[in-house]
Each structure stands twice: as C-alpha cells, then as structure tokens.
Number of protein chains: 2
Amino acid sequence: MACHPLQSRARGDAVRARIEDVAAAAGVSMKTVSRVFNREPNVREETRLRVEEAARQLKYRPNTSARSLAGRRSYLVSLLYDNPSPSYIMEVIEGVLTACEQSHYGLTLRPVDFGQRGHVESVETLVAQYRPDGLILTPPLSDDAALVKRLRELNVRYATISAKRDNGGIGTILDERAAAADMMAHVIALGHRRIGHITGHRSHGGRAWRLAGYLDGLRQAGIEPDPDLVVEGEFSFESGIAGARQLLDMDDPPTAIFAANDDTACGVLYEAAARGLAVPAQLSVFGFDDTPISRQVWPSLTTVRQPSREMGRIAAQQLITAIDGHGPAHMVRVPYQLQLRHSTGPAPAR
Amino acid sequence: MACHPLQSRARGDAVRARIEDVAAAAGVSMKTVSRVFNREPNVREETRLRVEEAARQLKYRPNTSARSLAGRRSYLVSLLYDNPSPSYIMEVIEGVLTACEQSHYGLTLRPVDFGQRGHVESVETLVAQYRPDGLILTPPLSDDAALVKRLRELNVRYATISAKRDNGGIGTILDERAAAADMMAHVIALGHRRIGHITGHRSHGGRAWRLAGYLDGLRQAGIEPDPDLVVEGEFSFESGIAGARQLLDMDDPPTAIFAANDDTACGVLYEAAARGLAVPAQLSVFGFDDTPISRQVWPSLTTVRQPSREMGRIAAQQLITAIDGHGPAHMVRVPYQLQLRHSTGPAPAR
DNA sequence: CTGTTAGCGCCTTCAA
DNA sequence: TTGAAGGCGCTAACAG
C-alpha cells in the first residue's frame, strides 16, 4: 500500500520506483524483492522471474543510500594508489569498476602519498568517513607494512594487487621473478652477454623480484653477474636517462639494458637516441608492464605484459566475495606474457 | 533516549557516535546539532561552540548514507569519461578529487561508451542508483548533444570540461583555437610554409577548434591553406601513423605536421623514425595537450599545455558551488601555454 | 519459501 | 532561536 502516491515524489524529473512499488506490482512482499536483488537464497524461481519483470517494467534501481543505512554497510570499495603510472592505474580502475558494477558496489579513489608522514592517517580518515566495506591496495601500497598493520588493527578488509609475497591474503599476484628471468633468457638467446639492469624504487615490491629474475636469468645461462651492471633507478623516465648514461659511459658498456619498467625503458631509449645509438642494432632495451607507451615509442618496446585490468577485476572480485561471504576468497595468481617488439634484437658483433 | 545502547553497535572496532549522542552531550536537540553541521543559520554562537566541542569529544562523523537518504542528496559528484587518454583522465581526476575533498563531496567514476547505443541510458542508471548531485563531463562527452539533452530533461546538474562552446553552462573551457593558431605562428616563424594537419575525431569538440586554429595561423601569415595537407585522424596513435604516411607520401610533402593531440603526434614521430626521417632536422612535429608522453619520447614533443588538473579542480568547484547554492557558478576560461621542446626546428633548406 | 515489524541515522516540516 | 514528530527506502530479525 503506497501511502505516498508516486506523483508526490515527482519533481519535474522522472518518478522513481521504490522497492515497495515493485513488491506491489509483483504481488509479493518487499522482503522478497530484496531477496531477489541481493541474490539471497529462498526464492522460488517463478517468483524471482515475476519480481525481475516487475522491476524492469518500473525501471527500479535500488537506492544506494537506503541500502547502506539499513544494511550497515556502504557497498563501497576504495582503491588506494600512489600513482606509479597513470595508465597503469587507469587500467586497474577499469577492471575494478567492472567487478564493482557486477556486484552493485561503488568505487571511491584515494591517492596516497606513500612517502609522506601522515599517509596511514589519511587512510584512516577515509575509512572513518566513507566506511568502505573493503580496500584495494596497488603497488607500492600493497607492501606498505605500516599501512597493512593498521588495517589489520582496524579490522578493515583489503585485497592487494602485486604484493611482494603471497601472505595468505586475498587479491592478485604475478610471478614477476619468473617473468624477468624468462625475458632475460630471450635476450641471452639473441646473443647478449653483458646485460645491464636499471632497478625499480626501493620501496616498491616489484624491484626485488625483477632484480632477482635478472640475476636468475644470468645464472641460468652460466653468466656471472657483474655488480657494475646494476644501477639504481626508481621506475621513472628520468631515472632511465640517468641509468642509461651511467651504463653507456662504462668502458665496457652493456649491449642490452633491462629497465625495471616501461617508463624507465623509455628514458633509456631517449638517451640512446640522444647519443645516436641505434636501437636495437647497437643496443637492445626492454622494460616491464606493457603500458600503452610501450607501443607508442619508436622502436616499440619489448616488455612483459601484466594483465592489469584483469588483476584489478579479480582483486575486486575476491574482495567482494570476502565481504559478501559468498564462498572463500583467495590470492589469485595471474599469468604474464612476453611482448616481443622492436627494441630488442641480436647482439652486435664485437 | 538511546534505545540502543552504544555497546550493542560495537563490533570489535571503535564505537560510532550518532547525532543523538552529540545532542545529549551538548544538552540540545538533534536538530540543533544538525544545524551546526550544515552551517544553517539560527544557532546562537555559544550553542554552536558547545555542540562543536561535544562532537569533537565523541569523534562524531555524520553518517553519509543517512544524510543522503533523509536529505535526498548524495553529496556525490560523478565524473563521466570516454577515455581519450588515461593520463589526461588521471590528471582531471586529481583535480576533481582536490575540489571534492575540500567540500566534503565524494567522487564516483563512470566510463561511458560514447559510440555505443545505450550510452545515455547507462548514465540514467548511474543517476538512478547513486543520485549524484552533479556530473562532470569530459571530452568528448562535453559535446554529446543527446546526453546533455537528457540531463536537462532529468534536471540533473552538470559541469563541462572543454566543451565546444560556452553555452552559458558551467565548467571550464580553454581557447583551443587561439592556442592552435599561436602554435602555428611559432612554426611559421621557423620558416615552415607547408604544414600538414592530422585532425581529431569528428565527434570530439576539440577537432573543430584545432582545425580552425590551424587555418587561422596559415591565413594570418598570408599562406593559402592547401586542402590536401589536412588529413583525417581520430586522436589516436594509429591515426598518427596513417596520417603521417599519407602526408609524407605526397609529391610535395609538408616540412611540419601539426597533430591534433599528443598521441597522434607520437604516431607521426614513429612513422618518421621508421622512415629514417630526422626530427626536427627534416620534419617538425607538434601536438596538443602536453600529456606526460610528450616528455617521454625522443625527440620530446612541442605541444600546447592544457592545465588539465586545474580544469578538473575548477569544474568540480563550480559544480559544487552550483549545487550548494553558495553564489553563482560560471564557465571559467583557463589559459593555455606553448611548450616548445625538441620536435620542432627551422624548416629545412629546399 | 515468504511475510511482518522495527528500526538504520539523519533531515524536513511545523510548532513553540 | 530551538525542538518534536515523522519519514527517507531499505534490510535484519524473527515469524509463519
């Protein structure tokens, strides 16, 4: 019995159907409609269909605020990031949004200044204000010990993307070490023996795995690693330029450079071009991540493809599964792929 | 009269104060607390202070869902985009977030498939579900007539970023035509006379202004535009390659190419490199937008800087001003800037 | 399998 | 300038 005739709620814009209206149209109670929409058990198939049809007719959309208030949960997931690269984050966002929409969850974004002093507190503020039902951490936040510790204390659920190790948490992870080693094997097969590496930032979990994979690759080929060929970087274009300078200025420079990510690799390409070094004829370069830029430079970049969108989608999915209690959630391992493009080639004759 | 003692709501984590608790602590009614928090008039200064003190003591944070439900507003702003470029969107997002946080508004994202059939309906769903108090449209959505028409009908407030024309709406806009003309003047001053243009996508408002600026630049220098020098593009890397091929294959190829955005310009650089054409010695290239990629290619790209972050911030600010009714909101014109880098140089001797 | 009842925490209306 | 009552649209807990 709608005690508030629809007309009274119209305000020039289209009238909004409520759960009550759907219930009336389908000849069931509000609760049954609620069950259908929340995929709860204990609804006869026939009833479900009737409700769904009525909802469609009335263009019913559950009101998020009311749901949150009554259900004591926000139906909100927060993505925390510290901008490693905008295109990476945008890809992750797309994946997360896909999962969120399927499960009728909303997404909020939270840029976090990892380096900054009050960064954990800023997350606490977010939690206090929006009460997200869960958080998704992207690198380097996935390995932020202080943050994770506090989230545990606050009893806030979270999923991680590309955390350093599979801590029994939930989210997605990729075997970066094996990927880097595979890529090394490929380049070594092209005849390269002196291969330089520009590392990632120290605070970033990826750094260690990529470096380890670099060393694995060399050792597996029986090549003794030369510490001089490993230079510090920080996942940035600028550090790629600096690293390339350092490596190329050596008396016995490498014939190939493994940059810890694509931005860094672009810096290497830049420096090579500035020196008139032909890539890949005189120098091979390869990166990691397969961000769009790797296809938009010349020569296009050989790199490791991470399925970032998929990783975002799966991480969100696992998180929501955990929140809703629909079965157990896991740390899902996703596959990588070598993208062989034009920046790598046979080692130059000596 | 808390009929539900605080303890019963605790669930391992900190207890949450309600407006009722604050009212009791301050010795006033709920409504008075509400007035203080919403900055409504009719509260004595002394009372306000008492309430604020009580709120601080109890660490009171208004419950967003309850506010939204009762107040029929969501304190939410939605950003609609169709991914022209991830880095562009991320910059806009950062600006929007800044403004939102200042005004205690939340942000939701909505990727929209502009080309797709049901795209307007997908926005309606968003509106029905989350009831955002306002929308922010980025290009090419800012010029989506069907969408804008529907929003008007639904009486949904929105701000536009870089709309084709200043329709008396609110948001931010930049004089792309003048910017393009200025850039042309710069290149013409370098001695170029035959300058090609690869346009943007037809559905995108920026296309027309940039093309107009290109023609303005030529005419102001007394150069008769050659229609063959204008080729169709679509703001993508691939269309830059295709456009460059078309232009460079001409009998009398241009000595400079104006690409309608940076991605397109990268395609031109790619094609030039593939042909062994030296940039800028043999060919000058320039783009538009100043996305990060323009600094990460070699040679770095001469382009027009749009203050995307600022545009996001201001658009959100204007929108929120309109929502809250705190004074009039406007269409704010922001300045552009020429970024002269290494992809442009003197015209080659004939 | 389905329905009823009683709020979730806040704002709106109207009275004081 | 302040307060009391009622309801926003939905779900939880319990009953059938």
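Note on naming: letters A, B, ... go to the chains in the order of the sequence lines (proteins, then strands), and numbering restarts at 1 for each one.
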Return the value, rounded to whole Å, for the distance between atom [atom1] of [X] and atom [atom2] of [N].
| X | N | atom1 | atom2 | value |
| --- | --- | --- | --- | --- |
| Phe37(A) | dG9(D) | CZ | P | 15 Å |
| Arg131(A) | dC8(C) | CZ | P | 16 Å |
| Arg18(B) | dG7(C) | CZ | P | 12 Å |
| Asp21(A) | dC10(D) | CG | C1' | 13 Å |
| Arg67(A) | dG9(C) | CZ | P | 18 Å |
| Tyr75(B) | dC10(C) | OH | P | 12 Å |
| Arg61(B) | dC8(C) | CZ | P | 22 Å |
| Arg50(A) | dT2(C) | CZ | P | 8 Å |

Are [X] and [N] close enough that a side-chain N or O sits under 4.0 Å from OP1 or OP2?
| X | N | value |
| --- | --- | --- |
| Ser34(B) | dC11(C) | yes |
| Arg44(B) | dT2(D) | yes |
| Thr47(B) | dT2(D) | yes |

- Message: Parallel, tilted or perpendicular: which one describes the rings of Tyr75(A) and Tyr105(A), with boundaries at 30° and 60°?
- Response: tilted
- Item | Among dT12(C), dG9(C), dC11(C), the one nearest Asn38(B) by side-chain distance |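 Looking only at heavy atoms from C-beta outward on Asn38(B), the closest nucleotide is dC11(C).
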- Query: Val43(B) has a side chain; which of dC8(C), dT2(D), dC11(C) sits nearest to it?
  - Reply: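 The answer is dT2(D).
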- Message: With rounding to the nearest 0.5 angstrom, report the OG1 to CD1 distance, Thr138(B) to Ile89(B).
- Response: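 The OG1 atom of Thr138(B) sits 4.0 Å away from the CD1 atom of Ile89(B).
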- Query: What distance do Asp133(B) atom CG and Leu319(B) atom CG have between them, rounded to the nearest 0.5 Å?
  - Reply: 8.5 Å
- Message: Would you say that more than 12 heavy atoms from the other residues, nucleotides or ligands in this model lie under 6.0 Å from the CD of Glu40(A), or not?
- Response: yes
Have a look at [X] and say if it touches a base, only the backbone sugar-phosphate, or nothing, with a 4.0 Å heavy-atom cut-off.
| X | answer |
| --- | --- |
| Asn63(A) | sugar-phosphate |
| Tyr60(A) | sugar-phosphate |
| Pro41(A) | nothing |

- Output yes when a side-chain donor or acceptor of Asp113(A) lies under 3.5 Å from a complementary backbone atom of Gly115(A), and no otherwise.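 Looks like no, no N/O pair under 3.5 Å.
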- Message: salt bridge (charged side-chain N to carboxylate O under 4.0 Å, His left out), that's the test. Do Arg150(B) and Asp144(B) meet it? Break it down for me.
- Response: CA-CA 10 Å; Arg150(B) 191 77 186 111; Asp144(B) 183 336; over 6 Å; no
- Inspect the contact between Glu53(A) and Arg50(A) and indicate whether a charged nitrogen and a carboxylate oxygen are less than 4.0 angstrom apart.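 A salt bridge is absent here (no side-chain N lies under 4.0 Å from a carboxylate O).
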Extract from the structure each pairing of a protein N or O with an N or O of nucleotides 3-6 of chain D at less than 3.5 Å, listing the distance.
| from | atom 1 | to | atom 2 | distance (Å) |
| --- | --- | --- | --- | --- |
| dG3(D) | OP2 | Ser29(B) | N | 2.9 |
| dG3(D) | OP2 | Ser29(B) | OG | 3.0 |
| dG3(D) | OP2 | Thr32(B) | OG1 | 2.6 |
| dG3(D) | O6 | Arg35(B) | NH2 | 3.1 |

